[in-house]
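Notes to accompany the following structure.
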Amino acid sequence: MAAPVAKRIKTLSVSRPIVYGNTAKKMGDQKPPNAPVEHTHLWTIFVRAPQNEDVSYYIKQVVFKLHETYPNNTRVVNAPPFELTETGWGEFDVNIKINFADVANEKPLSLYHRLRLHPYDSPGNHITSGTDEKGDHIIKASFFDEIVFNEPNEQFFQVLMTKPGNLLPPNKSDQCVFSRQLEQEEIDRMDIALKDVDKQIYKLEQEINDKK
Amino acid sequence: MSSNDVFDVLNINKKSSTPVPAPSAGNLAGVAGSTNKPKPQVTGMQRELYSLLGENQPPVMVAQTSSRFKEKLAGKPSPWSKTDFFNARKDNPYKLTFQHWMKGSKELLGDEPQESTFLKFDQHFTLPTFTKEEYDEFMKPQNDSSSNTEENENRWSFEEVDYLMQLCKKYDLRWFVIEDRYNFGESVRSLEDLKEQFYEVCRRYFENKGPAMPLLKSLTFDKSKETDRKAYLQRLLSRSAAEIAEEEALIIESRKFEMAAKKTLNDRESLLRLLDSPNSNKSVVQYMTSQGMSLLYSNMLNDKSKKRKHEAGVPENPWMKQQQQFAQQKQQLQQLHEKKLTAEQGTDSGSEQSPRKTKRQKQELQNAIKRKSEAQYAEYLLQSFTMEERKNLGVIAHGEKLSPGVFLRSTKISTFKPALQNKVSSTMQELGLPLRPAMPSYDVVQKEEELLKAIVSLLELKKQLDKLEAEKAIRS
């Protein structure tokens, strides 16, 4: 069916927060029956809203493209939850392609996520390790981002306006670190850095003026 | 070949059948003012030339009448006569009489030998004269003088000073001659010695006579300075060719440095000017209204203190025009909005422009109007939501021209050229910040952009400072 020619609403954008990443845990003896012998980890890659809100009204489908060594390495998830569980032994980049609802008439959005199986931390990455309810060691690497629909068409705009999709929890919690609190912390940190930089700039300007 | 032949060739009928030289000669006579003297027959090349002139002769001829120079010569020569003259100075010891040629007859000038007319140039200095007593009197060292003994030792005898004064008088203070002729006993005096002594004696003489002499101060002679000057000149003039070449090369090098310094100074100033310009990371909200726009406009017009690239005159102000259009457009839009709430309005209604405007201006105007109406429409769609609700819905009317489509917020964080990016990254690390904010929400990304901008300016300044220091190191 041909998409109706919809008029875009200019100079307006709508954003939706998403969290993408993966969880992983080491497999013990109880391996899934079809898992290859060399696979050591069970991991799940996911795309969701920060608080697991419904995203199906704008995301139609998510396609995960795994490493070529996986059989059928292009995995399509057609309904929420948009996640995929697999076993493996290595870390690799997963291509995540998000297809939007038909009414949006938008091109798919492609992003990459480096699968994390080991609990080493690098700055900026939110890798946490903890234990799940069964007491198994579990690793979680998740990233926050915002999907921005710039100049959406009118129908899609109406759809987006039906739900307050940009809500964030006010405080950090174990379920979701991405919150207004974290956002404010980020801004505060940058403000401090900005002041620092401004001070340095002022000092340098003085020095340059002295040198002249 | 004559003009007749030319006319023949060109097939022109000649009106007069007289031979060619005749009219030209006649004409010549007419122009010359018809003196009664018969015109000399033109011959040779001149005749050929005249014959080519034909009938339409130029009215001005080179009148070769009798030369004025010869006319003058025709007058009577003025008489010159050889007369005696003498030097009329009273103290002239030689009563000699010389002769020279003077204009005028012998009768007019008379027989008496005359004073030389150049006498007025025979001027001499009046130098102070004094007796030995006077000299001892005024050369008596002052009591308060600190270098009494030394002065006494160095004092010249009266006889030698007298000799010096005589020489000065005789050679009219021509110091080189004086030095050359100076021959007083055993004493060997340099030119500077002589000068110093002369000025010293003169000064003391006049001081003794009366301290109110206005020119007393000029009677000083700095001997060491003078010897230094001469030594310096000596050195300057005795340089070898290689030394001169080296010096010139050095001068050229220094010129180069000066030029480079000037250039970097200019660069630096322009950079600082750039940094001084109003911070654009301030909110633009205050300029969103038409009032704010006119405020901004007038601010920018008045801001001539800083040199900007786009300073060159603003012949007509497009902003004001657009603003007027905006005002009209706003009214129209409001009416339209009441009738129907679609986005269709505003695009074509601005077509009643005056035909004077160029196509491009029109296009720009329409684009601006369109964007404005779009922004207004977007505002209209959102007006039912409060700011809080808008935030929850994640909807923003940014009012900018961005390409439509979907993207991730984090991809809009600025990146730089690799070299700069590395520096920016390390600066961010020093500040203890991750390269990618953990939560790239709208507010965070705005802040991040602000920070990145500041960091880039910081790096630029650092570069400038390094450059300055390097320059300084080279200079010193």
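Letters A, B, ... mirror the listed sequences (proteins, then strands); counts begin at 1.
- Heavy atoms of A/I147 lying under 4.5 Å from chain B belong to its backbone as well as its side chain.
- For A/E106, the part lying near chain B is the side chain, with the backbone staying farther off; criterion is any non-hydrogen pair under 4.5 Å.
- Ion pairing between A/E146 and A/R16 fails under the 4.0 Å rule for side-chain N and carboxylate O.
- Note on ring orientation: taking the six-membered ring where Trp is involved, the planes of A/W43 and A/F92 are perpendicular (angle over 60°, cut-offs 30° and 60°).
- Both the sub-6.0 Å distance and the 45° axial angle are satisfied by B/K412 relative to the ring of B/F407.
- Although no hydrogens or angles enter the test, the distance criterion places no donor-acceptor pair under 3.5 Å between the side chain of A/N105 and the main chain of A/N153.
- Under the rule for a ring-ring contact (aromatic ring centres under 6.0 Å, His included), the partners of A/F100 that lie at least two apart in sequence or sit in another chain are A/F149.
- The number of heavy-atom neighbours closer than 6.0 Å to CG of A/N78, taken from other residues, nucleotides and ligands shown, is above 12.
- Heavy-atom distances place no part of A/I98 under 4.5 Å from chain B, backbone and side chain included.
- Proximity to chain B (any heavy atom under 4.5 Å) is restricted, for A/D196, to the side chain, taken from C-beta onward.
- Contact annotation: the side chain of A/I96 approaches that of A/I45 to within less than 4.5 Å [non-hydrogen atoms, C-beta and beyond].
- A/S56 and A/D54 share a side-chain donor-acceptor pair at under 3.5 Å.
- With respect to the salt-bridge test (charged N to carboxylate O, under 4.0 angstrom), the residues A/R180 and A/E183 qualify.
- The pair A/E53-A/R48 does not meet the salt-bridge criterion, since no charged nitrogen lies less than 4.0 angstrom from a carboxylate oxygen.
- By number of non-hydrogen pairs under 4.5 angstrom with chain A, the leading residue of B/L431, B/L458, B/T427 is B/L458.
- For B/E430, no part lies near chain A; criterion is any non-hydrogen pair under 4.5 Å.
- Heavy-atom proximity under 4.5 angstrom to chain A picks out B/L461, B/K462, B/Q464, B/L465 from residues 459-467 of chain B.
- Looking at A/N95 and A/S110, their side chains do bring a donor and an acceptor atom within 3.5 Å of each other.
- Note: A/S13 leads A/S15, A/P17, A/S13 in heavy-atom pairs under 4.5 Å with chain B.
- Qualifying side chain to side chain donor-acceptor pair (under 3.5 Å) partners for B/S426, counting only residues two or more places apart in sequence or in other chains: none.
- The candidate with the highest count of non-hydrogen atom pairs below 4.5 Å against chain B, out of A/I201, A/T162, A/D145, is A/D145.
- Residue-level contacts of residues 184-194 of chain A with chain B, in order of numbering, are A/E186, A/I187, A/R189, A/M190, A/D191, A/A193, A/L194; threshold 4.5 Å between heavy atoms.
- Between A/K97 and A/V62 the shortest side-chain heavy-atom distance does not fall below 4.5 Å.
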